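Whatever order the structure lists ligands and atoms in, that order sets their numbers, starting from 1. A quick note: this is a predicted structure, and the numbers were derived from the prediction, not measured.
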Amino acid sequence: MARALIPGSFDPVTNGHLDIIGRAAGIYDNLLVSVGRNRSKSPLFTLEERMEILRDSCAQWRNVQIGSFEGLLVQYAREQDVNVIVRGLRAVSDFEYEFQMAQLNRHLTREVETVFMMTGTEYAYLSSSIVKEIARLGGSVKGLVPEDVETRLRQKVQPD
Ligand code: PNS
């Protein structure tokens with residue numbers, strides 16, 4: 001049985017992430033989507049919020065589970081009995097960082113393979129950072145994130 005992992009910050013999940021998650025869920029028997037806790041970053045959404053949002057947005061795929069991790073990704077993958085890491089690739093600008101990560105993860109272990117999936121062209125320029133910036137500046141993020149995330153973003157940037 002093929003079990004794969006999609007790791008990420010998901011701060012917050014976008015429709016681009018969901019495109020990759022849905023397509024990977026159609027390929028692998030079992031898919032674990034996990035939020036990485038990075039203590040040197042200050043996310044807009046807490047780890048629990050990001051997981052809750054993911055649980056809601058991924059409820060449509062019965063073979064998708066949500067998790068979280070801290071520390072080395074490959075170690076977590078091995079603990080979770082995962083041998084494939086799936087990452088989405090958007091524009092060429094993603095390549096260098098992704099290449100570095102995949103190479104170093106491969107250096108750390110040969111038991112986990114990284115597989116890349118091209119994002120749909122409609123999401124090629126979408127990122128969580130740009131979505132947060134649009135929301136902070138009062139723009140509409142409709143169509144870029146699930147509706148629940150739209151509401152949560154509005155509450156985060158204009159709390160009252
Ligand atoms: O959504 P992101 O921010 O691109 O996700 C990055 C993430 C969480 C996948 C990456 O930072 C990661 O794997 N962190 C775990 C730490 C680690 O294993 N570092 C070595 C990788 S070479």
* To do: For Gly71 and ligand 1, answer yes if some heavy atom of the residue is under 4.0 Å from a ligand atom, otherwise no.
  => yes
* Using the salt bridge (Lys or Arg N to Asp or Glu O under 4.0 Å) rule, take Glu111 and Arg106 through it: C-alpha gap first, then chi angles, then the decisive distance, then the call. => CA-CA 8 Å; Glu111 285 169 36; Arg106 188 166 150 77; over 6 Å; no
* Let me see the working for Lys41 and Asp11 under salt bridge (Lys or Arg N to Asp or Glu O under 4.0 Å), right down to the final yes or no. => CA-CA 11 Å; Lys41 274 192 187 173; Asp11 184 38; over 6 Å; no
* For the pair Tyr76 and Ser34, evaluate side-chain hydrogen bond (donor to acceptor under 3.5 Å, both in side chains) and give the outcome as yes or no after the intermediate values. => CA-CA 10 Å; Tyr76 174 71; Ser34 292; 2.7 Å; yes
* Asked: Counting heavy atoms not belonging to Glu122, are there more than 12 under 6.0 Å from its CD?
  -> yes
* Can you name the closest pair of heavy atoms from Phe45 and Lys156 and give their distance? -> CD2-CE, 3.6 Å
* Structure fact -> Per-atom filter on ligand 1: closer than 4.0 angstrom to a heavy atom of Asn105 are 21 (C), 22 (S)
* Asked: What is the closest protein heavy atom to atom 18 (O) of ligand 1, and at what distance does it sit?
  -> Leu73 N, 2.8 Å
* Return the residue, atom name and 0.1 Å-rounded distance of the protein heavy atom closest to atom 7 (C) of ligand 1. => Arg87 NH1, 4.4 Å
* Atoms of ligand 1 close to Leu104 [distance to a heavy atom under 4.0 angstrom, numbered from 1] -> 22 (S)
* **Nearest option to atom 12 (C) of ligand 1, as decided by whichever heavy atom of Gln75, Glu98, Met101 sits closest** => Met101
* Structure fact -> Closest non-hydrogen contact found for Val86 with Ala4 is CG2-CB, 4.1 Å
* Around atom 6 (C) of ligand 1, find the nearest protein heavy atom and jot down its residue, atom name and distance. => Tyr97 OH, 3.7 Å
* To do: Would you mind checking which non-hydrogen protein atom is closest to atom 1 (O) of ligand 1, with the distance to 0.1 Å?
  => Ser9 N, 2.9 Å
* Asked: Does Lys41 approach ligand 1 within less than 4.0 angstrom via side chain, backbone, both or neither, non-hydrogen atoms only?
  -> side chain
* Numbered atoms of ligand 1 (with element) below 4.0 Å of Gly8, judged on heavy atoms -> 1 (O), 5 (O)
* Asked: Any idea which heavy atoms bring Leu18 and Pro146 closest together, and the distance?
  -> CD1-CG, 3.5 Å
* Asked: Are any of the side-chain nitrogens in Glu147 or Arg152 under 4.0 Å away from the carboxylate oxygens of its partner?
  -> no
* To do: Do me a favour and list the nearest non-hydrogen protein atom to atom 19 (N) of ligand 1 with residue, atom name and distance?
  => Leu72 CD2, 4.2 Å
